[in-house]
Asks: 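Take this structure first; my questions come after.
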Amino acid sequence: MSAAAIATAPPVSRFAPSPTGELHLGNARTALFNLLLARHSGGRFLLRIEDTDPGRSLETHAQALLADLRWLGLDWDAGPDCEDERGPYRQSQRGALYARNLARLEQQGAVYPCFCTPEELELSRRAQRAAGRPPRYDGTCRGLDAVERARRAAAGRGASLRFRVPQGARLEFTDFVHGPQSFLSDDIGDFIVRRADGSAAFLFANAVDDASMGVSQVLRGEDHLTNTPRQLLILGSLGLPAPAYGHVALIVGADGAPLSKRHGAVSVREYRERGYEPQALVNHLFRLGHASALHGLATLAEMAAAFDAAHLGRAPARFDEQQLAVWQRDVVRRLSPAAARSWLAPVLPPGLDADAAEALAAALLPNLTLPADARPWIEIVFGGPPPLTESAAALVRGAGAAYFAAAAAAAAAHGDDLAAIAAAVRAATGRRGAELYMPLRAALTGLEHGPELAPLLRAMPPGKAHERLARFA
RNA sequence: GCUCCCUUCGUCUAGAGGCCCAGGACAUAGCCCUCUCAAGGCUGUAACACCGGUUCGAAUCCGGUAGGGAGCGCCA
């Protein structure tokens, strides 16, 4: 393939989570950016499940991961549930490929068996730290000869396979987010590519898979930046093509510290359960660590068109729930009546019919961020006569009995029609504007602030308005 | 400890030596509109972490300091 052909080939990106827990906000953003990267140029976006660690990988987590990604609207072109010829897309099913490539490394002498036990390694690391040195593999098994290896193997000691990192070499690559990077190979210890149980280690499986799946761009978290030279070493020994690597800074909490449980929700699931809309979450994540000229709510297609890897940020971005709430309100206000009804469903009184639910949603939506915010209003709409705040009570007293006599009579005659009630009160009292409406609001809701009165009245069960107005007549 | 990464308004960011006494969006404040809140319209407040150097000129280049983060795992 010529250089020009490579340059114009559509990109292939991927998201490669390991099913050891829930989909984290940071990973969700990584998935989003990779999807956008591919879609921007008509490329392909792959989903690969990295379940090489059987002890920590759970099928339920894998399923939840797919469900969360789908909920966000992030669809993949190939993955564990839609295989193609580059698959399978679960690392646990790619053992043969790893074994083949591992064998090639063994033939070249690029790797060597290591008989050190985890305990020995831990001890060595501790000693190095104590001596003020970087904790790296000390090379115990690096120079073992065939006889010695055979003896240890015969003694039943399981062996892992380590990559023989060249000494005195400078490892360079260009990160498409951070620019030129340079590492000294001497700062990298010989690392494990195959565990003693025969399974492939992350560094190895991940790199080999990217190459064999034709991934052209690897956009991942900055925690992998220093892994990159290792993976380049592996790929180089195997003669496999290396993708372009780009690393985005991790997302941090509102206080600038790494996102953790103490920041509250950190998983996509938690936001979904609290009633956040996927479009709100995606819009917020899109602006974190990425700049575009896009303003206002955008669709994934619009984001893809606007996405530009050159505008990926290098500094950690704060996940600020206040900003998320802005997007959320924007999305909520645009919900269709049917969508609004199901969004609100978790807090709706049981047995409420569809029409009543839609009327309620229509009244409340402009004032809500999350379904839970509707609770006090639902109590006001469906519960008993609400207690008045002090200032609401003052408003009611100021209006007087004649005012409410007129209002109650109109409510009895016209039900939930605010215009009719207001007209009657105006005729009886000559009041207009706030003077006219505020006592009605106070008597009906007990408060001075809230959603528009007219739709609120329409959401109330018949007779409620009259009952509440009549108590002051 | 060693290596690497990062640092522009409250937040997300634009900015690749003069176009920047730093632009946009969101948030926020005031005004208008309005039955309140929200929405909408208008106006405003608000930042180059710090110290040196290079240069006629630095947010932009170089060095250092401080602060934050990551990696150094038979985790990924």
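Every chain is numbered from 1 and lettered A, B, ... according to where its sequence line falls, protein lines coming before strand lines.
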Asks: So that I know where these two stand, are A:His284 and A:Tyr271 an aromatic pair - ring centroids less than 6.0 Å apart?
Replies: no
Asks: How many Å lie between OH on A:Tyr98 and P on B:rA76, as a whole number?
Replies: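 In whole Å, B:rA76 P lies 11 Å from A:Tyr98 OH.
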Asks: For B:rA38 and B:rU28, measure between their P atoms and round to the nearest Å.
Replies: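 One P to the other, the span is 9 Å.
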Asks: Looking across every strand, which nucleic acid part, if any, lies under 4.0 Å from A:Arg162 by heavy atom: base, sugar-phosphate, or nothing?
Replies: sugar-phosphate
Asks: Any chance you could list the contact pattern along nucleotides 3-12 of chain B? Use B for base contacts, S for sugar-phosphate-only contacts and - for none, protein heavy atoms under 4.0 Å, 5' to 3'.
Replies: SSSSS--BBS
Asks: Specify the separation, in whole Å, of atom CD1 of A:Ile188 and atom P of B:rC2.
Replies: 18 Å
Asks: Any idea which of B:rA70, B:rA76, B:rC35 is nearest the A:Glu50 side chain?
Replies: B:rA76
Asks: Scan side-chain atoms only and decide if A:His247 and A:Thr228 contain a donor-acceptor pair under the 3.5 Å cut-off.
Replies: yes
Asks: Could you encode protein contacts along nucleotides 59-66 of chain B as a string, one character per nucleotide from 5' to 3', using B for base contact, S for sugar-phosphate-only contact and - for no contact, with a heavy-atom cut-off of under 4.0 Å?
Replies: --------
Asks: Assign A:Ser199 to base, sugar-phosphate, or nothing according to its heavy-atom contacts below 4.0 angstrom with the strands shown.
Replies: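 Result for A:Ser199 = nothing.
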Asks: Look at all strands and tell whether A:Gly450 reaches a base, only sugar-phosphate, or nothing, counting heavy atoms closer than 4.0 Å.
Replies: base
Asks: Could you tell me how the ring of A:Phe173 sits relative to the ring of A:Tyr245: parallel (under 30°), tilted (30 to 60°) or perpendicular (over 60°)?
Replies: perpendicular
Asks: The side chain of A:Ala291 lies closest to which of these nucleotides: B:rG1, B:rA76, B:rA14?
Replies: B:rA14
Asks: For A:Pro258, which contact category applies under a 4.0 Å heavy-atom criterion: base, sugar-phosphate, or nothing?
Replies: sugar-phosphate
Asks: OP1 or OP2 of B:rA76 versus the side-chain N and O atoms of A:Arg195: is any pair under 4.0 Å?
Replies: yes
Asks: Between A:Asn27 and A:His24, do the side chains contain a donor N or O and an acceptor N or O under 3.5 Å apart?
Replies: no
Asks: Answer with base, sugar-phosphate or nothing: what part of the nucleic acid does A:Arg431 contact at a heavy-atom distance below 4.0 Å?
Replies: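 No contact.
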Asks: Would you indicate what A:Asp53 reaches in the nucleic acid, counting non-hydrogen atoms under 4.0 angstrom: base, sugar-phosphate, or nothing?
Replies: sugar-phosphate
Asks: Just compare B:rC75, B:rG69, B:rC74 and give me whichever is closest to any side-chain atom of A:Ala196.
Replies: B:rC74
Asks: Within the structure shown, what part of the strands sits under 4.0 Å from A:Leu436 by heavy-atom distance: base, sugar-phosphate, or nothing?
Replies: nothing
Asks: Distance check, rounded to the nearest 0.5 Å: A:His178 atom NE2 versus A:Leu312 atom CG?
Replies: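 Nearest 0.5 Å value for the NE2-CG distance: 9.0 Å.
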Asks: Are the aromatic rings of A:Phe33 and A:Phe307 close, with centres under 6.0 Å apart?
Replies: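 Judged by ring-centre distance (under 6.0 Å), A:Phe33 and A:Phe307 do meet the cut-off.
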Asks: Can you find a donor-acceptor N/O pair under 3.5 angstrom joining the side chain of A:Arg441 to the base of B:rC35?
Replies: yes
Asks: Using a distance-only criterion (donor-acceptor N/O pair, under 3.5 Å, no hydrogens), is the base of B:rA76 paired with the side chain of A:Asp223?
Replies: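 Looking at the base of B:rA76, it does not pair with any donor or acceptor on the side chain of A:Asp223 (distance under 3.5 Å).
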Asks: Which value, rounded to the nearest 0.5 Å, describes the distance between A:Gln91 atom CD and A:Glu50 atom CD?
Replies: 3.5 Å
Asks: How many whole angstroms separate atom NE2 of A:His24 from atom C1' of B:rC75?
Replies: 15 Å
Asks: Of the nucleotides B:rC75, B:rG1, B:rC35, which one has an atom closest to the side chain of A:Pro134?
Replies: B:rG1
Asks: Can you measure A:Arg334 atom CZ to B:rG40 atom P for me and round it to whole angstrom units?
Replies: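 Value for this atom pair: 9 Å.
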Asks: B:rG67 P sits how many Å from A:Asp255 CG, rounded?
Replies: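 Those two atoms, CG and P, are 18 Å apart.
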Asks: If the P atom of B:rC9 is compared with that of B:rA46, how far apart are they to the nearest Å?
Replies: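 One P to the other, the span is 14 Å.
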Asks: Please tell me which of the listed nucleotides, B:rC26, B:rC35, B:rC74, lies nearest to the side chain of A:Val326?
Replies: B:rC26
Asks: Is it true that A:Gln128 and A:Ser124 share a donor-acceptor pair across their side chains at a distance under 3.5 Å?
Replies: yes
Asks: Can you tell me how far C1' of B:rC72 sits from CG of A:Leu121, to the nearest Å?
Replies: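 In whole Å, B:rC72 C1' and A:Leu121 CG are 13 Å from each other.
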Asks: Please report, rounded to the nearest Å, how far the C1' atom of B:rC35 is from the CG atom of A:Leu447.
Replies: 14 Å
Asks: Counting the atoms with a prime plus P, OP1 and OP2 as sugar-phosphate, which does A:Arg333 contact under 4.0 Å by heavy atoms, base, sugar-phosphate, or nothing?
Replies: sugar-phosphate
Asks: Atom CZ of residue position A:Arg432 - does it have more than 12 heavy atoms of other residues, nucleotides or ligands inside 6.0 Å?
Replies: no
Asks: Just the rounded figure in Å: distance from C1' of B:rU34 to CD of A:Glu448.
Replies: 16 Å
Asks: Please work out if A:Arg329 contacts a base, only the sugar-phosphate, or nothing of the nucleic acid, heavy-atom cut-off 4.0 Å.
Replies: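 Answer is nothing: A:Arg329 stays at 4.0 Å or more from every strand.
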Asks: Examine A:Arg194 relative to A:Tyr98 and say whether NZ or CZ is less than 6.0 Å from the centre of the six-membered ring and inside a 45° cone about the ring axis.
Replies: no
Asks: Would you say A:Ser182 and A:Arg170 are linked by a side-chain donor-acceptor pair, where the criterion is simply a distance under 3.5 Å?
Replies: yes
